[in-house]
There are 2 protein chains.
Amino acid sequence: MPKRERQRQLEVSLEQNPFLTDEELSKQFNVSVQTIRLDRLECGIPELRERLKTVAARTIDAEVKSLQSDEVIGDIIDIELDKRAVSIFDVTDDHVFRRSGITRGHHLFAQANSLAVAVLDDDLALTVTSDLHFLKPVRSGDRVIARAIVDKERSNDKRTFVDVISTVENETVFTGEFQMYQTTDHSRRELR
Amino acid sequence: MPKRERQRQLEVSLEQNPFLTDEELSKQFNVSVQTIRLDRLECGIPELRERLKTVAARTIDAEVKSLQSDEVIGDIIDIELDKRAVSIFDVTDDHVFRRSGITRGHHLFAQANSLAVAVLDDDLALTVTSDLHFLKPVRSGDRVIARAIVDKERSNDKRTFVDVISTVENETVFTGEFQMYQTTDHSRRELR
DNA sequence: ACTGGTATTAGTACCAAGTGCTAATCCGGA
DNA sequence: TCCGGATTAGCACTTGGTACTAATACCAGT
């Protein structure tokens with residue numbers, strides 16, 4: 001096998017499995033450990049321990065991210081409890097259908113639904129029913145702005161209606177009407 | 001600081017930041033490196049390099065998982081294209097509200113919506129509208145079974161209706177009606 | 001046939017972050 | 001005062017490397 005080809009395959013191997021030591025690689029390619037080291041040097045591939053460090057750091061990062069996004073999908077940029085709220089959600093390649101590049105519906109729903117939960121000044125609001133309209137396809141790179149408004153007219157002490165409108169560059173891409181169930185007693189809450 | 005307390009804090013520190021070496025820890029607790037080593041031994045905490053290995057392995061695992069779950073939320077266990085499909089979704093602590101332990105609505109939606117997409121034998125089906133009912137709270141540990149049925153009666157060549165009913169132990173916890181938009185031309189597809 | 005350049009291999013010294021072990025020291029209580 | 005747990009120190013050894021030097025192999029050009 002020529003040198004170039006070996007180095008190309010080396011990069012592929014390590015991308016798939018960053019846990020391989022130089023010795024394991026040398027057996028895989030039937031060359032000496034030193035050759036592997038020179039190859040890594042030429043390709044700028046760091047040693048095993050460094051590779052694991054960066055992979056592990058990526059985990060920690062991802063875990064922090066998924067934790068924060070567990071609370072609210074998207075970043076809340078403005079909120080007036082029990083009245084209205086606004087959140088921003090930046091769509092990336094992770095959120096879209098591979099073939100079409102169009103955002104999967106559940107991400108838009110998640111942003112809207114978690115905003116509806118957040119806008120209610122309640123220990124715990126649950127969604128009871130919702131009516132959704134996906135109006136225009138959203139793509140990777142789009143910045144979705146969701147605006148939630150609590151509909152006081154239709155709400156009573158146990159049921160609250162929240163309307164969410166999501167836009168991309170001022171064009172409405174999604175609307176949702178959420179009927180929420182609130183667990184805490186409003187009369188009690190006044191006393192807090 | 002007593003030994004017990006130091007060991008407790010050691011575990012906390014390493015859980016937060018597995019990248020700390022024995023030397024860094026010894027400075028943090030103002031004891032010798034050897035003491036840290038003995039503490040780790042007593043607590044069964046592996047060395048830095050081993051810790052990074054497991055953290056890195058967790059990443060790889062998580063990345064594979066998130067990739068597969070990108071396609072469909074939940075595992076499809078039965079499917080008859082353009083007719084019906086069934087998927088299973090096991091709820092974990094990651095899917096629930098911390099305070100109440102009740103599953104966040106968007107996970108139930110994601111399972112149902114991605115099943116509705118999957119059941120349609122189409123290159124790309126998009127959700128246009130949907131009407132959701134969250135009937136009973138779902139908790140960590142519950143196994144949610146979603147059944148999607150394509151409603152042929154109401155469907156035409158450009159609009160397809162899919163009804164999804166999700167149950168936990170035979171009790172309906174969620175229902176969703178999805179109106180889907182299909183991009184490919186059905187008449188052409190017959191020829192494939 | 002000789003020379004040059006590239007590729008490969010071998011070997012050495014050294015490093016970080018350890019394990020495993022022994023020995024010394026400290027400190028408090030019966 | 002002596003005992004025992006806690007702590008510290010020191011040394012040999014391990015892994016998986018880096019950095020460097022030297023030797024060898026092979027192929028092309030002249």
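Side chains are part of it too, since the values below use all heavy atoms of this structure and drop only hydrogens, waters and symmetry mates. By convention in this document, chain letters (A, B, ...) are assigned in the order of the sequence lines, proteins followed by strands, and residues within each chain are numbered from 1.
Between A:Q9 and the options A:E11, A:E5, A:Q7, a side-chain hydrogen bond (donor to acceptor under 3.5 Å, both in side chains) holds for only A:E5.
Note: A:H95 and A:H107 have perpendicular aromatic rings, judged against thresholds of 30 and 60 degrees for the angle between ring planes. Taking the six-membered ring for Trp and thresholds of 30 and 60 degrees, B:F109 and B:F178 have ring planes inclined between 30 and 60 degrees apart.
Side-chain atoms of A:R159 do not come within 3.5 Å of backbone N or O of A:M180 as any donor-acceptor pair. Here the side chain of B:Q111 pairs no donor or acceptor atom with the backbone of B:S166 at under 3.5 angstrom.
Less than 4.0 Å separates DNA chain D from no heavy atom of any residue of residues 16-26 of chain B. For the segment residues 28-49 of chain A, the set of residues with a heavy atom within less than 4.0 Å of an atom of DNA chain D comprises A:R37, A:R40, A:E47, A:L48, A:R49, in numerical order.
The CG atom of B:L41 lies 12.0 Å from the CD atom of B:E47; values are rounded to the nearest 0.5 Å.
When every heavy atom of B:V164 is checked against every heavy atom of B:A146, the shortest pair comes out as CG1-CB, 4.1 Å.
Contacts of B:R6 with the nucleic acid, taken as non-hydrogen atoms under 4.0 Å apart, involve only primed sugar atoms and P, OP1 or OP2.
Taking atom NZ on B:K53 and atom C1' on C:dA17, their separation rounds to 13 Å, with Å as the unit. Computed from coordinates, the A:E5 CD to C:dA7 C1' distance equals 17 Å when rounded to whole Å. The distance from atom NZ of A:K3 to atom P of C:dT8 is 6 Å, rounded to the nearest whole Å.
Between B:D142 and B:R139 there is no salt bridge, since no side-chain nitrogen of the basic residue lies less than 4.0 Å from a carboxylate oxygen of the acidic one.
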